[in-house]
Amino acid sequence: MSHRERVYRTQAIVLRRTDFGEADRLLTVFTPDRGKLRLVAKGARKPSSRKSGHLELFSRGQFMVAVGRELDIVTQAETLEPFLPLREDLLRTTYAYYVAELADAFTAERDENGPLYRLLLDAYGWLCADEDLALIARYYELHLLGLVGFQPQLFACISCRNPLEPEISYMSAADGGILCGRCGRDWIGAAEVSVNALKVLRFLQTRDWDTCRLLRLSPATHIEIERLMNTYLTYHLERKLKSVDFIHRLRRQMGVG
Ligand SMILES: [Zn+2]
């Protein structure tokens, strides 16, 4: 332990916050160079605590952290960006929870992912200011999947490898993307995808948000892409969670954690 740092300074976004013990708070945060961390803020629920106002859910802050035996400990915190609308507007709050939940679920602790930190910050900024919150969620889902190694293939058929034509196609979450009309028709577990939905998904996957925010989708398209993404995410989340469980079990068996 002596070769390791005792204290470190990091920026962090608060993803989850729960009460812990008598007066402490347990935080799940995401950092630019240490990935996801679980931290304890001692005494943060005491009215006299100077930290308490600086550990708000969904805010970005500058933290001083002391390495602890089990959990690292927040010793100082200062809010840099409060993202207030995420706590004041119920619909925005709900989407902020969703964004945080996905980042938490698709990452392991201390798995560095700078681009995902950036995406989280961007998503919180957009959720504060933009109106089409569902479109932000779809954009976030597609880019998150790319950053954690589950990017869906939307341009070539995942079976015959031919470029996809503008026709009814099919999505197979288990196989990681879209099937052409010919391959997908009888594919077990594949869901139909309209020409327009595929166009929108590809657009969201490959353009930046400043371009995507100009999209105006019909309610039907919104519903269709939400269903498709939900199926895809749920499938890969379960696989991910199983693999995380497996890693933890293996580590315990090997006596390394
Ligand atoms: Zn095909």
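When a ligand or atom number is given, it counts from 1 through the structure's own listing order.
- R17 forms no cation-pi arrangement with F58, by the criterion of a distance under 6.0 Å to the ring centre and an angle within 45° of the ring axis.
- Judged by a 6.0 Å distance limit and a 45° cone about the ring axis, R60 is not positioned over the six-membered ring of F83.
- In this structure, a donor-acceptor pair under 3.5 Å is present between the side chains of N196 and T221.
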Could you walk me through whether W126 and Y139 satisfy the ring pair (Phe, Tyr, Trp, His ring centres under 6.0 Å) test, starting with their C-alpha distance in whole Å, then the side-chain angles of each, then the deciding distance to 0.1 Å, before giving a yes or no?
CA-CA 11 Å; W126 305 329; Y139 180 95; 5.3 Å; yes
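- Shown are the protein N/O/S atoms under 2.8 Å from the Zn ion (ligand 1), given by residue and atom: C157 SG, C160 SG, C180 SG, C183 SG.
- Using cut-offs of 30° and 60° on the angle between ring planes, the pair H236 and F150 is tilted.
- In this model, no donor atom of one side chain and acceptor atom of the other lie less than 3.5 Å apart for D122 and H143.
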